2 protein chains.
Amino acid sequence: MSKTTLEQRIRSDIEARIRSGALRPGDRIPFEHELVAAYGCARATVSKAVEALAKAGLVERRRKAGTFVAHPHVQSAVLAVPDLEKLIAARGEAYRWTLIEQCRASASDLETGDIPSPALRIDGVHHADGVPLALEMRLISLSAVPLAASQPFGERSPGAWLLEQVPWTEARHEIGAANPTPEEAAALDMPTSGACLEVRRWTWQSGAPVTYVRQLFPGGRYHLMAEFTPGA
Amino acid sequence: MSKTTLEQRIRSDIEARIRSGALRPGDRIPFEHELVAAYGCARATVSKAVEALAKAGLVERRRKAGTFVAHPHVQSAVLAVPDLEKLIAARGEAYRWTLIEQCRASASDLETGDIPSPALRIDGVHHADGVPLALEMRLISLSAVPLAASQPFGERSPGAWLLEQVPWTEARHEIGAANPTPEEAAALDMPTSGACLEVRRWTWQSGAPVTYVRQLFPGGRYHLMAEFTPGA
DNA sequence: GAGTGGTCTAGACCACAAA
DNA sequence: TTGTGGTCTAGACCACTCC
(Lines give C-alpha, C1' and ligand atoms only; values in the text may rest on other atoms or scores of the structure.)
Protein backbone atom coordinates (compact mmCIF):
# COMPACT_ATOMS: atom_id res chain seq x y z
CA MET A 1 0.00 0.00 0.00
CA SER A 2 1.11 3.52 -0.68
CA LYS A 3 0.95 6.58 1.55
CA THR A 4 2.07 8.89 -1.23
CA THR A 5 -0.35 11.06 -3.09
CA LEU A 6 -0.95 10.78 -6.80
CA GLU A 7 0.57 14.21 -7.29
CA GLN A 8 3.78 13.11 -5.57
CA ARG A 9 3.91 9.96 -7.69
CA ILE A 10 3.59 11.89 -10.95
CA ARG A 11 6.20 14.32 -9.79
CA SER A 12 8.75 11.77 -8.66
CA ASP A 13 8.21 9.70 -11.80
CA ILE A 14 9.20 12.65 -13.95
CA GLU A 15 11.97 13.73 -11.60
CA ALA A 16 13.50 10.25 -11.68
CA ARG A 17 13.55 10.32 -15.47
CA ILE A 18 15.38 13.65 -15.37
CA ARG A 19 17.82 12.66 -12.63
CA SER A 20 18.67 9.36 -14.29
CA GLY A 21 19.42 11.08 -17.55
CA ALA A 22 16.59 9.45 -19.48
CA LEU A 23 15.26 12.95 -20.07
CA ARG A 24 18.05 15.39 -20.84
CA PRO A 25 18.06 19.21 -20.72
CA GLY A 26 16.01 20.59 -23.57
CA ASP A 27 13.86 17.47 -23.88
CA ARG A 28 10.12 17.96 -23.78
CA ILE A 29 8.22 16.14 -21.09
CA PRO A 30 4.70 14.87 -21.85
CA PHE A 31 1.95 17.44 -22.29
CA GLU A 32 -0.46 17.84 -19.44
CA HIS A 33 -3.26 16.15 -21.37
CA GLU A 34 -0.96 13.20 -22.07
CA LEU A 35 -0.17 12.83 -18.38
CA VAL A 36 -3.89 13.11 -17.63
CA ALA A 37 -4.48 10.20 -19.99
CA ALA A 38 -1.51 8.22 -18.67
CA TYR A 39 -2.46 8.52 -15.01
CA GLY A 40 -6.22 8.71 -15.52
CA CYS A 41 -6.63 11.73 -13.30
CA ALA A 42 -7.78 15.35 -13.47
CA ARG A 43 -5.69 18.01 -15.12
CA ALA A 44 -5.36 19.97 -11.87
CA THR A 45 -3.43 17.08 -10.36
CA VAL A 46 -0.80 16.80 -13.09
CA SER A 47 -0.66 20.58 -13.28
CA LYS A 48 0.23 20.81 -9.60
CA ALA A 49 2.89 18.13 -9.98
CA VAL A 50 4.55 19.77 -12.97
CA GLU A 51 4.26 23.20 -11.42
CA ALA A 52 6.19 21.94 -8.40
CA LEU A 53 8.96 20.71 -10.70
CA ALA A 54 9.00 24.11 -12.37
CA LYS A 55 9.27 25.92 -9.04
CA ALA A 56 12.16 23.63 -8.12
CA GLY A 57 13.86 24.73 -11.33
CA LEU A 58 13.96 21.27 -12.86
CA VAL A 59 11.70 22.08 -15.79
CA GLU A 60 10.71 25.15 -17.72
CA ARG A 61 7.18 25.70 -18.97
CA ARG A 62 6.37 27.54 -22.16
CA ARG A 63 2.88 28.27 -23.41
CA LYS A 64 1.91 26.61 -26.61
CA ALA A 65 5.25 24.79 -26.75
CA GLY A 66 5.12 22.52 -23.74
CA THR A 67 7.27 21.78 -20.70
CA PHE A 68 10.99 21.13 -21.09
CA VAL A 69 13.81 19.86 -18.90
CA ALA A 70 15.75 22.95 -17.81
CA HIS A 71 19.44 23.47 -18.37
CA PRO A 72 21.19 23.55 -15.01
CA HIS A 73 22.70 27.02 -14.84
CA VAL A 74 23.99 28.21 -11.50
CA GLN A 75 24.27 25.71 -8.73
CA SER A 76 22.08 26.97 -5.95
CA ALA A 77 21.93 25.53 -2.50
CA VAL A 78 19.96 26.06 0.65
CA LEU A 79 22.30 27.34 3.29
CA ALA A 80 21.45 26.89 6.93
CA VAL A 81 22.45 29.85 9.10
CA PRO A 82 21.53 28.70 12.59
CA ASP A 83 21.38 30.71 15.74
CA LEU A 84 24.76 30.05 17.34
CA GLU A 85 23.40 29.53 20.82
CA LYS A 86 21.06 26.80 19.64
CA LEU A 87 23.68 25.28 17.35
CA ILE A 88 26.20 24.91 20.16
CA ALA A 89 23.56 23.57 22.51
CA ALA A 90 22.48 21.08 19.85
CA ARG A 91 26.08 19.84 19.60
CA GLY A 92 25.94 19.09 23.30
CA GLU A 93 28.46 21.78 24.20
CA ALA A 94 28.19 24.50 26.80
CA TYR A 95 27.31 27.89 25.34
CA ARG A 96 28.60 31.15 26.74
CA TRP A 97 28.40 34.72 25.50
CA THR A 98 30.86 37.32 26.66
CA LEU A 99 30.31 41.00 25.98
CA ILE A 100 33.31 43.03 24.89
CA GLU A 101 31.73 46.38 24.31
CA GLN A 102 28.30 47.97 24.05
CA CYS A 103 28.17 51.55 22.82
CA ARG A 104 26.70 54.03 20.37
CA ALA A 105 27.64 53.21 16.79
CA SER A 106 30.08 55.54 15.09
CA ALA A 107 29.53 57.10 11.69
CA SER A 108 31.94 54.68 10.01
CA ASP A 109 30.15 51.74 11.65
CA LEU A 110 26.85 52.90 10.25
CA GLU A 111 28.32 53.18 6.79
CA THR A 112 29.61 49.60 6.63
CA GLY A 113 26.39 48.25 8.05
CA ASP A 114 24.09 50.50 6.03
CA ILE A 115 22.15 51.20 9.22
CA PRO A 116 20.59 54.63 9.86
CA SER A 117 21.47 56.69 12.90
CA PRO A 118 20.87 56.26 15.81
CA ALA A 119 22.20 52.75 16.28
CA LEU A 120 23.74 50.55 18.93
CA ARG A 121 27.01 48.68 18.54
CA ILE A 122 27.60 45.43 20.39
CA ASP A 123 30.82 43.40 20.29
CA GLY A 124 31.17 40.02 21.89
CA VAL A 125 32.32 36.43 21.63
CA HIS A 126 30.38 33.16 21.39
CA HIS A 127 32.06 30.29 23.25
CA ALA A 128 31.52 26.55 22.91
CA ASP A 129 32.78 24.60 25.92
CA GLY A 130 34.89 27.60 26.82
CA VAL A 131 36.57 27.85 23.41
CA PRO A 132 35.89 30.99 21.35
CA LEU A 133 33.84 29.94 18.36
CA ALA A 134 32.93 33.29 16.88
CA LEU A 135 33.64 36.96 17.31
CA GLU A 136 30.60 39.10 16.63
CA MET A 137 30.29 42.78 15.78
CA ARG A 138 26.68 43.89 15.56
CA LEU A 139 24.80 47.07 14.83
CA ILE A 140 21.15 47.49 15.81
CA SER A 141 18.99 50.27 14.46
CA LEU A 142 17.40 52.04 17.42
CA SER A 143 14.63 53.45 15.26
CA ALA A 144 13.65 49.90 14.27
CA VAL A 145 14.23 48.38 17.73
CA PRO A 146 14.00 51.13 20.40
CA LEU A 147 13.99 48.59 23.24
CA ALA A 148 17.56 47.58 22.37
CA ALA A 149 18.85 50.80 23.96
CA SER A 150 17.80 49.73 27.44
CA GLN A 151 18.68 46.08 26.98
CA PRO A 152 21.72 44.65 28.80
CA PHE A 153 23.66 42.34 26.51
CA GLY A 154 26.16 41.28 29.15
CA GLU A 155 24.54 37.92 29.75
CA ARG A 156 22.63 37.16 26.62
CA SER A 157 23.72 37.44 23.00
CA PRO A 158 21.82 40.04 21.00
CA GLY A 159 21.01 37.60 18.18
CA ALA A 160 18.60 35.43 20.13
CA TRP A 161 17.00 38.46 21.77
CA LEU A 162 16.48 40.17 18.43
CA LEU A 163 14.85 37.08 16.98
CA GLU A 164 12.13 37.38 19.59
CA GLN A 165 11.74 41.11 19.20
CA VAL A 166 11.70 41.32 15.42
CA PRO A 167 10.57 38.07 13.83
CA TRP A 168 10.28 37.36 10.10
CA THR A 169 12.82 39.58 8.52
CA GLU A 170 14.53 39.58 5.15
CA ALA A 171 18.28 39.14 5.02
CA ARG A 172 21.31 39.16 2.77
CA HIS A 173 24.49 37.26 3.49
CA GLU A 174 28.05 37.65 2.32
CA ILE A 175 30.45 34.85 3.08
CA GLY A 176 34.18 35.19 2.70
CA ALA A 177 37.53 34.54 4.33
CA ALA A 178 39.70 37.04 6.18
CA ASN A 179 42.62 37.30 8.54
CA PRO A 180 41.83 38.65 11.99
CA THR A 181 43.28 41.89 13.26
CA PRO A 182 45.57 41.52 16.30
CA GLU A 183 42.67 42.49 18.59
CA GLU A 184 40.33 40.00 16.94
CA ALA A 185 42.95 37.27 17.05
CA ALA A 186 43.41 37.87 20.77
CA ALA A 187 39.67 37.67 21.41
CA LEU A 188 39.49 34.42 19.46
CA ASP A 189 42.65 32.97 21.02
CA MET A 190 44.28 32.37 17.65
CA PRO A 191 47.24 33.67 15.63
CA THR A 192 46.77 36.57 13.23
CA SER A 193 48.07 34.36 10.44
CA GLY A 194 45.14 31.96 10.90
CA ALA A 195 42.29 31.97 8.41
CA CYS A 196 38.82 33.02 9.52
CA LEU A 197 35.43 32.44 7.96
CA GLU A 198 33.68 35.79 7.75
CA VAL A 199 29.89 35.94 7.60
CA ARG A 200 28.21 39.31 7.19
CA ARG A 201 24.44 39.62 7.38
CA TRP A 202 22.18 42.59 6.70
CA THR A 203 18.62 42.26 8.00
CA TRP A 204 15.49 44.21 7.15
CA GLN A 205 11.89 44.18 8.25
CA SER A 206 9.41 45.40 5.67
CA GLY A 207 12.29 47.05 3.84
CA ALA A 208 13.59 48.97 6.88
CA PRO A 209 17.14 48.15 8.10
CA VAL A 210 17.08 46.37 11.45
CA THR A 211 20.51 44.96 12.13
CA TYR A 212 23.92 44.25 10.64
CA VAL A 213 26.24 41.61 11.98
CA ARG A 214 29.74 40.48 11.13
CA GLN A 215 30.83 37.14 12.55
CA LEU A 216 34.39 35.83 12.45
CA PHE A 217 34.93 32.08 12.89
CA PRO A 218 38.43 30.60 13.34
CA GLY A 219 38.98 28.39 10.31
CA GLY A 220 39.08 24.94 11.82
CA ARG A 221 36.36 25.43 14.38
CA TYR A 222 33.32 25.96 12.20
CA HIS A 223 32.00 25.50 8.71
CA LEU A 224 28.73 26.13 6.95
CA MET A 225 26.82 23.39 5.23
CA ALA A 226 24.43 23.62 2.35
CA GLU A 227 22.28 20.98 0.76
CA PHE A 228 21.18 21.07 -2.82
CA THR A 229 18.36 18.70 -3.58
CA PRO A 230 15.85 20.37 -5.85
CA GLY A 231 12.58 18.56 -5.78
CA ALA A 232 12.96 17.31 -2.23
CA MET B 1 -5.83 47.69 -13.20
CA SER B 2 -3.99 44.70 -11.81
CA LYS B 3 -1.93 42.08 -13.57
CA THR B 4 -1.55 40.01 -10.42
CA THR B 5 -3.62 36.92 -9.86
CA LEU B 6 -6.08 36.57 -7.04
CA GLU B 7 -3.92 33.88 -5.48
CA GLN B 8 -0.93 36.24 -5.40
CA ARG B 9 -3.04 38.97 -3.83
CA ILE B 10 -4.29 36.73 -1.05
CA ARG B 11 -0.78 35.52 -0.43
CA SER B 12 0.88 38.92 -0.33
CA ASP B 13 -1.90 40.32 1.85
CA ILE B 14 -1.18 37.71 4.49
CA GLU B 15 2.58 37.93 4.04
CA ALA B 16 2.50 41.69 4.53
CA ARG B 17 0.60 41.26 7.79
CA ILE B 18 3.27 38.83 8.99
CA ARG B 19 6.22 40.89 7.81
CA SER B 20 4.87 44.10 9.35
CA GLY B 21 4.36 42.41 12.68
CA ALA B 22 0.57 42.72 12.68
CA LEU B 23 0.49 38.94 12.84
CA ARG B 24 3.14 37.58 15.19
CA PRO B 25 4.56 34.05 15.50
CA GLY B 26 1.98 31.75 17.00
CA ASP B 27 -0.96 33.84 15.84
CA ARG B 28 -3.66 32.06 13.86
CA ILE B 29 -4.39 33.36 10.39
CA PRO B 30 -7.98 33.20 9.11
CA PHE B 31 -9.43 29.79 8.30
CA GLU B 32 -9.68 28.86 4.67
CA HIS B 33 -13.47 29.23 4.72
CA GLU B 34 -13.09 32.72 6.19
CA LEU B 35 -10.71 33.72 3.42
CA VAL B 36 -13.10 32.23 0.89
CA ALA B 37 -15.83 34.46 2.29
CA ALA B 38 -13.55 37.50 2.52
CA TYR B 39 -12.30 37.27 -1.06
CA GLY B 40 -15.41 35.69 -2.56
CA CYS B 41 -13.50 32.97 -4.36
CA ALA B 42 -13.19 29.19 -4.44
CA ARG B 43 -11.47 27.28 -1.68
CA ALA B 44 -8.84 25.93 -4.07
CA THR B 45 -7.58 29.48 -4.64
CA VAL B 46 -7.05 30.38 -1.00
CA SER B 47 -5.69 26.90 -0.38
CA LYS B 48 -3.00 27.41 -3.02
CA ALA B 49 -2.10 30.80 -1.60
CA VAL B 50 -1.77 29.55 1.98
CA GLU B 51 0.04 26.42 0.85
CA ALA B 52 2.66 28.60 -0.83
CA LEU B 53 3.18 30.48 2.43
CA ALA B 54 3.56 27.16 4.21
CA LYS B 55 6.15 25.94 1.71
CA ALA B 56 8.06 29.18 2.17
CA GLY B 57 8.11 28.43 5.90
CA LEU B 58 6.17 31.53 6.91
CA VAL B 59 3.19 29.65 8.31
CA GLU B 60 2.53 26.23 9.75
CA ARG B 61 -0.66 24.33 9.02
CA ARG B 62 -2.26 22.00 11.53
CA ARG B 63 -5.34 19.93 10.85
CA LYS B 64 -8.37 20.80 12.85
CA ALA B 65 -6.53 23.67 14.55
CA GLY B 66 -5.88 26.05 11.70
CA THR B 67 -2.91 27.83 10.15
CA PHE B 68 -0.43 29.71 12.35
CA VAL B 69 2.43 32.12 11.82
CA ALA B 70 5.60 30.06 12.23
CA HIS B 71 8.38 30.82 14.67
CA PRO B 72 11.52 31.70 12.75
CA HIS B 73 14.01 29.06 13.83
CA VAL B 74 17.12 28.65 11.75
CA GLN B 75 17.94 31.33 9.27
CA SER B 76 18.14 29.66 5.92
CA ALA B 77 19.29 31.31 2.75
CA VAL B 78 19.56 30.45 -0.89
CA LEU B 79 23.19 30.31 -1.80
CA ALA B 80 24.27 30.78 -5.39
CA VAL B 81 27.22 28.61 -6.37
CA PRO B 82 27.90 29.69 -9.93
CA ASP B 83 30.09 28.06 -12.49
CA LEU B 84 33.36 29.98 -12.18
CA GLU B 85 33.89 30.32 -15.92
CA LYS B 86 30.49 31.94 -16.38
CA LEU B 87 30.86 34.05 -13.25
CA ILE B 88 34.15 35.53 -14.39
CA ALA B 89 32.84 36.11 -17.89
CA ALA B 90 29.76 37.80 -16.44
CA ARG B 91 32.03 40.19 -14.51
CA GLY B 92 33.59 41.19 -17.80
CA GLU B 93 36.95 39.63 -17.00
CA ALA B 94 39.02 37.24 -19.05
CA TYR B 95 38.74 33.63 -17.93
CA ARG B 96 41.60 31.18 -18.11
CA TRP B 97 42.03 27.65 -16.78
CA THR B 98 45.47 26.19 -16.21
CA LEU B 99 45.95 22.52 -15.52
CA ILE B 100 48.44 21.55 -12.83
CA GLU B 101 48.06 17.81 -12.81
CA GLN B 102 45.79 15.12 -14.19
CA CYS B 103 46.27 11.60 -12.82
CA ARG B 104 44.72 8.55 -11.24
CA ALA B 105 43.30 9.30 -7.79
CA SER B 106 45.13 7.82 -4.83
CA ALA B 107 43.48 5.87 -2.07
CA SER B 108 43.66 8.80 0.35
CA ASP B 109 42.11 11.07 -2.28
CA LEU B 110 39.19 8.69 -2.67
CA GLU B 111 38.64 8.63 1.06
CA THR B 112 38.33 12.39 1.49
CA GLY B 113 36.07 12.68 -1.55
CA ASP B 114 34.01 9.58 -0.77
CA ILE B 115 34.40 8.55 -4.41
CA PRO B 116 34.67 4.87 -5.40
CA SER B 117 37.65 3.55 -7.33
CA PRO B 118 38.53 4.01 -10.15
CA ALA B 119 38.62 7.79 -10.21
CA LEU B 120 40.46 10.63 -11.90
CA ARG B 121 42.16 13.48 -10.09
CA ILE B 122 42.48 16.90 -11.70
CA ASP B 123 44.22 19.90 -10.18
CA GLY B 124 44.18 23.34 -11.74
CA VAL B 125 43.69 27.05 -11.29
CA HIS B 126 40.93 29.40 -12.42
CA HIS B 127 42.21 32.85 -13.44
CA ALA B 128 40.32 36.12 -13.82
CA ASP B 129 42.20 38.66 -15.93
CA GLY B 130 45.36 36.69 -15.28
CA VAL B 131 44.99 36.71 -11.49
CA PRO B 132 44.47 33.35 -9.78
CA LEU B 133 40.93 33.32 -8.40
CA ALA B 134 40.63 29.74 -7.27
CA LEU B 135 42.67 26.59 -6.87
CA GLU B 136 40.68 23.49 -7.64
CA MET B 137 41.27 19.86 -6.69
CA ARG B 138 38.71 17.55 -8.23
CA LEU B 139 37.95 13.85 -8.25
CA ILE B 140 35.75 12.30 -10.92
CA SER B 141 34.31 8.82 -10.60
CA LEU B 142 35.21 6.90 -13.74
CA SER B 143 32.41 4.42 -13.19
CA ALA B 144 29.91 7.30 -13.25
CA VAL B 145 31.65 9.25 -16.04
CA PRO B 146 33.79 6.85 -18.13
CA LEU B 147 34.38 9.49 -20.81
CA ALA B 148 36.39 11.56 -18.35
CA ALA B 149 39.32 9.17 -18.69
CA SER B 150 39.95 10.14 -22.29
CA GLN B 151 39.13 13.80 -21.86
CA PRO B 152 41.96 16.37 -21.97
CA PHE B 153 41.49 18.99 -19.27
CA GLY B 154 44.45 21.09 -20.35
CA GLU B 155 42.33 23.73 -22.05
CA ARG B 156 38.96 23.47 -20.45
CA SER B 157 38.03 23.25 -16.78
CA PRO B 158 36.41 19.96 -15.78
CA GLY B 159 33.46 21.69 -14.08
CA ALA B 160 31.85 23.05 -17.22
CA TRP B 161 32.51 19.82 -19.11
CA LEU B 162 30.96 17.72 -16.35
CA LEU B 163 27.86 19.89 -16.31
CA GLU B 164 27.23 18.95 -19.92
CA GLN B 165 27.98 15.29 -19.38
CA VAL B 166 26.06 14.77 -16.16
CA PRO B 167 23.32 17.36 -15.71
CA TRP B 168 20.87 17.54 -12.81
CA THR B 169 22.75 16.15 -9.91
CA GLU B 170 22.34 16.42 -6.17
CA ALA B 171 25.05 18.07 -4.15
CA ARG B 172 26.25 18.88 -0.65
CA HIS B 173 28.45 21.83 0.17
CA GLU B 174 30.75 22.58 3.05
CA ILE B 175 32.07 26.10 3.35
CA GLY B 176 34.91 27.04 5.63
CA ALA B 177 38.15 28.94 5.91
CA ALA B 178 41.67 27.56 5.72
CA ASN B 179 45.29 28.54 5.24
CA PRO B 180 46.92 27.36 2.04
CA THR B 181 49.81 24.95 2.05
CA PRO B 182 53.05 26.38 0.62
CA GLU B 183 52.31 24.67 -2.72
CA GLU B 184 48.75 26.04 -2.78
CA ALA B 185 49.94 29.52 -1.81
CA ALA B 186 52.42 29.47 -4.67
CA ALA B 187 49.77 28.43 -7.17
CA LEU B 188 47.49 31.21 -5.95
CA ASP B 189 50.27 33.80 -5.78
CA MET B 190 49.60 34.61 -2.14
CA PRO B 191 51.32 34.21 1.24
CA THR B 192 50.69 31.10 3.35
CA SER B 193 49.50 33.35 6.15
CA GLY B 194 46.64 34.62 4.00
CA ALA B 195 43.11 33.39 4.63
CA CYS B 196 41.32 31.33 2.00
CA LEU B 197 37.67 30.55 1.52
CA GLU B 198 37.35 26.79 1.14
CA VAL B 199 34.37 25.32 -0.67
CA ARG B 200 33.99 21.56 -0.84
CA ARG B 201 31.25 19.98 -2.90
CA TRP B 202 30.14 16.37 -3.18
CA THR B 203 27.93 15.57 -6.16
CA TRP B 204 25.70 12.58 -6.84
CA GLN B 205 23.47 11.46 -9.66
CA SER B 206 20.60 9.23 -8.66
CA GLY B 207 22.44 8.51 -5.43
CA ALA B 208 25.71 7.46 -7.10
CA PRO B 209 28.83 9.56 -6.39
CA VAL B 210 29.93 11.52 -9.44
CA THR B 211 32.49 14.09 -8.39
CA TYR B 212 34.11 15.79 -5.45
CA VAL B 213 35.72 19.18 -5.67
CA ARG B 214 37.62 21.38 -3.26
CA GLN B 215 38.07 25.00 -4.25
CA LEU B 216 40.35 27.46 -2.48
CA PHE B 217 39.72 31.18 -2.96
CA PRO B 218 42.17 33.82 -1.68
CA GLY B 219 40.26 35.77 0.94
CA GLY B 220 39.92 39.17 -0.63
CA ARG B 221 39.28 38.03 -4.17
CA TYR B 222 35.96 36.27 -3.83
CA HIS B 223 32.96 35.92 -1.59
CA LEU B 224 29.70 34.04 -1.71
CA MET B 225 26.37 35.78 -1.51
CA ALA B 226 23.09 34.44 -0.26
CA GLU B 227 19.67 36.01 -0.25
CA PHE B 228 16.97 35.14 2.21
CA THR B 229 13.55 36.30 1.16
CA PRO B 230 10.96 33.68 1.96
CA GLY B 231 7.82 34.24 0.02
CA ALA B 232 9.51 35.92 -2.93
C1' DG C 1 -5.24 30.06 -35.93
C1' DA C 2 -4.51 26.36 -32.79
C1' DG C 3 -2.94 24.45 -28.71
C1' DT C 4 -0.33 25.04 -24.72
C1' DG C 5 -0.06 26.26 -19.88
C1' DG C 6 -2.30 29.73 -16.16
C1' DT C 7 -5.94 30.43 -13.41
C1' DC C 8 -10.22 29.66 -11.35
C1' DT C 9 -14.79 27.39 -9.97
C1' DA C 10 -17.85 24.51 -7.21
C1' DG C 11 -18.19 20.93 -5.67
C1' DA C 12 -16.46 16.10 -3.16
C1' DC C 13 -14.40 12.68 0.08
C1' DC C 14 -10.87 11.72 3.37
C1' DA C 15 -7.32 11.78 7.24
C1' DC C 16 -6.18 13.60 11.12
C1' DA C 17 -5.93 16.01 15.39
C1' DA C 18 -8.17 18.92 18.70
C1' DA C 19 -12.05 19.34 21.76
C1' DT D 1 -17.27 13.84 17.58
C1' DT D 2 -16.20 17.73 14.88
C1' DG D 3 -13.96 20.75 11.88
C1' DT D 4 -9.75 21.66 9.84
C1' DG D 5 -6.62 21.15 6.09
C1' DG D 6 -5.17 17.52 2.15
C1' DT D 7 -6.32 15.86 -1.98
C1' DC D 8 -8.86 15.27 -6.03
C1' DT D 9 -12.49 15.87 -9.82
C1' DA D 10 -14.48 17.71 -14.03
C1' DG D 11 -15.22 21.08 -15.90
C1' DA D 12 -14.34 26.43 -17.63
C1' DC D 13 -12.28 30.68 -19.68
C1' DC D 14 -8.21 33.15 -20.72
C1' DA D 15 -3.45 34.71 -22.34
C1' DC D 16 0.16 33.81 -24.59
C1' DT D 17 3.00 32.06 -28.27
C1' DC D 18 4.48 29.12 -31.61
C1' DC D 19 3.31 27.69 -36.20
Side-chain angles (χ1 to χ4, degrees), chain A residues 1-18 23-71 230-232, chain B residues 1-18 23-71 230-232:
Chain A
M1 59 179 295
S2 70
K3 268 168 58 177
T4 67
T5 66
L6 177 55
E7 181 200 330
Q8 285 175 324
R9 217 184 87 209
I10 298 173
R11 181 184 167 159
S12 49
D13 282 357
I14 299 171
E15 186 174 337
R17 285 205 277 167
I18 295 174
L23 284 171
R24 301 197 45 92
D27 290 355
R28 209 201 75 237
I29 75 170
F31 294 125
E32 290 196 355
H33 65 80
E34 293 175 333
L35 291 169
V36 163
Y39 287 92
C41 65
R43 191 187 146 210
T45 306
V46 306
S47 185
K48 254 193 117 184
V50 178
E51 188 188 346
L53 290 172
K55 270 197 218 149
L58 232 70
V59 301
E60 186 186 344
R61 316 195 79 181
R62 291 206 304 271
R63 280 184 165 90
K64 168 68 182 174
T67 300
F68 301 83
V69 179
H71 293 81
Chain B
M1 59 174 295
S2 72
K3 268 168 59 176
T4 68
T5 66
L6 178 54
E7 179 200 330
Q8 285 176 324
R9 217 184 88 210
I10 298 173
R11 180 183 169 161
S12 49
D13 281 358
I14 300 171
E15 185 174 337
R17 284 205 277 167
I18 296 174
L23 285 171
R24 301 196 46 92
D27 289 355
R28 209 201 75 236
I29 76 169
F31 293 124
E32 290 196 354
H33 66 79
E34 293 174 333
L35 291 169
V36 163
Y39 288 92
C41 65
R43 189 185 148 213
T45 306
V46 305
S47 184
K48 253 193 116 184
V50 178
E51 188 188 346
L53 290 173
K55 270 196 215 150
L58 235 71
V59 300
E60 186 187 343
R61 314 195 80 180
R62 291 206 302 271
R63 280 183 164 90
K64 169 67 183 175
T67 300
F68 301 83
V69 178
H71 292 82

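Note that the structure is a prediction, hence the values are computed from the model and not measured. Below, chains carry the letters A, B, ... as their sequence lines are ordered, and counting in each starts from 1.
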Scan nucleotides 14-19 of chain C against the protein and return all N/O pairs shorter than 3.5 Å with their distances rounded to 0.1 Å.
unit_1	atom_1	unit_2	atom_2	d
C:dA15	N3	B:Arg63	NE	3.3

- Item | Those residues that, when tested against B:Glu51, pass side chain to side chain donor-acceptor pair (under 3.5 Å) (two or more places apart) | A:Lys48
- Task: With sequence neighbours excluded, tell me which residues meet side chain to side chain donor-acceptor pair (under 3.5 Å) with B:Asp13.
- Result: B:Tyr39
- Item | ring-ring contact (aromatic ring centres under 6.0 Å, His included) partners of residues 46-66 of chain B, not counting sequence neighbours, each pair once | none
- Message: According to ring pair (Phe, Tyr, Trp, His ring centres under 6.0 Å), who are the partners of B:His33, at least two apart in sequence or on a separate chain?
- Response: B:Phe31
- Query: For A:Glu34, what residues pass the salt bridge (Lys or Arg N to Asp or Glu O under 4.0 Å) criterion, not counting sequence neighbours?
  - Reply: A:Arg28
- With B:Glu32 via salt bridge (Lys or Arg N to Asp or Glu O under 4.0 Å) - residues at least two apart: B:Arg43, B:Arg61
- Message: Any heavy-atom pair between the side chains of A:Glu15 and A:Ile18 that's under 4.5 Å?
- Response: no
- For B:Glu7, report the nucleic acid contact type (base, sugar-phosphate, nothing); a contact means any heavy atom under 4.0 Å. sugar-phosphate
- Separation of C:dT4 C1' from A:Arg61 CZ (nearest whole Å): 9 Å
Got a sec, which residues hit side chain to side chain contact (heavy atoms under 4.5 Å, CB included) with [X], two or more places apart in sequence or on another chain?
{"X": "A:Thr5", "result": "A:Glu7, A:Gln8"}
{"X": "A:Arg24", "result": "A:Asp27, B:Pro167"}
{"X": "B:Ala65", "result": "B:Arg62, B:Phe68"}

- Give, ordered by number, those residues of residues 33-44 of chain A having at least one heavy-atom distance below 4.0 Å to an atom of DNA chain C; if nothing qualifies, reply none. A:His33, A:Arg43
- Query: So where does chain B start and stop touching DNA chain D, 5' to 3', when the test is distance under 4.0 Å to a non-hydrogen atom?
  - Reply: D:dT2 to D:dT7
- Note on the structure: Note: for A:Thr5 and B:Phe31 on DNA chain D, the residue whose nearest nucleotide lies more 5' is B:Phe31
